[in-house]
A.B. asks: 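Sharing a structure here in structure tokens format.
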Amino acid sequence: MLDRRILLTSVASLFGLAAFRWFKATPARAGQKAAEKFEIEKTDAEWRAQLTPQQYDILRKQGTERRWSSPLLKEHRKGTFACAGCDLPLFASETKFESGTGWPSFYRPLENAVGTTEDRTLGIVRTEVHCRRCGGHLGHVFDDGPKPTGLRYCMDGYALVFHPADPSPS
Ligand SMILES: [Zn+2]
């Protein structure tokens with residue numbers, strides 16, 4: 001026969017352990033992606049060595065570039081905008097539009113390219129956008145974009161690199 005007290009104690013400790021595990025597994029909020037796992041993960045020192053200071057500030061520290069500072073605002077060729085951290089293709093030039101915000105804007109990312117988190121910094125709720133492969137911060141997405149999606153992916157140009165579809169048209 002099982003002693004009822006022992007049984008209850010065991011159940012209680014099991015429950016406690018489960019609750020503890022759940023707590024540990026819950027990722028941090030407010031744009032903290034430290035608990036999330038990404039396909040490409042590097043140490044802080046490796047990212048610092050690979051990226052320019054500005055790219056590092058945006059991609060790894062959730063920084064924001066100065067408005068109108070990105071050369072990609074004037075990029076109108078056909079091609080692909082990729083992650084400056086891991087070169088994953090993120091946006092097609094066909095989805096880029098002039099938002100007038102001073103940041104490169106797109107109405108749709110490529111398939112399986114970006115992930116999002118809730119960002120509660122600045123006292124407002126925004127949707128943070130990051131590269132799904134390396135976790136690099138790219139910008140935010142807002143719901144005041146043009147057709148067909150109505151979305152505005154407001155990106156930091158320095159988090160992106162442009163690859164022309166045809167680098168040498170003849
Ligand atoms: Zn990336």
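Every number for a ligand or one of its atoms is a count from 1 in the order of the listing.
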A.B. asks: Can you tell whether the side chains of Glu39 and Arg132 come within less than 4.0 Å, N to carboxylate O?
C.D. replies: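 Here Glu39 pairs with Arg132 in a salt bridge, since their nearest N and O are under 4.0 Å apart.
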
A.B. asks: Describe, in one word, how the ring planes of His140 and His137 are oriented to each other, choosing from parallel (under 30°), tilted (30 to 60°) and perpendicular (over 60°).
C.D. replies: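 Perpendicular.
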
A.B. asks: The criterion is ring-ring contact (aromatic ring centres under 6.0 Å, His included); which residues satisfy it with Phe106, sequence neighbours excluded?
C.D. replies: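 For Phe106, the residues satisfying ring-ring contact (aromatic ring centres under 6.0 Å, His included) (neighbours in sequence not counted) are Phe81, Phe91.
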
A.B. asks: Between Glu128 and Arg126, does at least one N-O distance fall below 4.0 Å, as a salt bridge requires?
C.D. replies: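 Salt bridge absent between Glu128 and Arg126.
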
A.B. asks: Do NZ/NE/NH1/NH2 and the carboxylate oxygens of Glu46 and Arg48 come within less than 4.0 Å?
C.D. replies: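 Between Arg48 and Glu46 there is no salt bridge, as every charged N stays at least 4.0 Å from the carboxylate O atoms.
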
A.B. asks: Quick one, Leu110 and Leu90 - any side-chain contact, counting heavy atoms below 4.5 Å?
C.D. replies: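 Contact flag for Leu110/Leu90 side chains = no.
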
A.B. asks: Suppose the cut-off is 2.8 Å; which protein N/O/S atoms would you list for the Zn ion (ligand 1)?
C.D. replies: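 The answer is Cys83 SG, Cys86 SG, Cys131 SG, Cys134 SG.
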
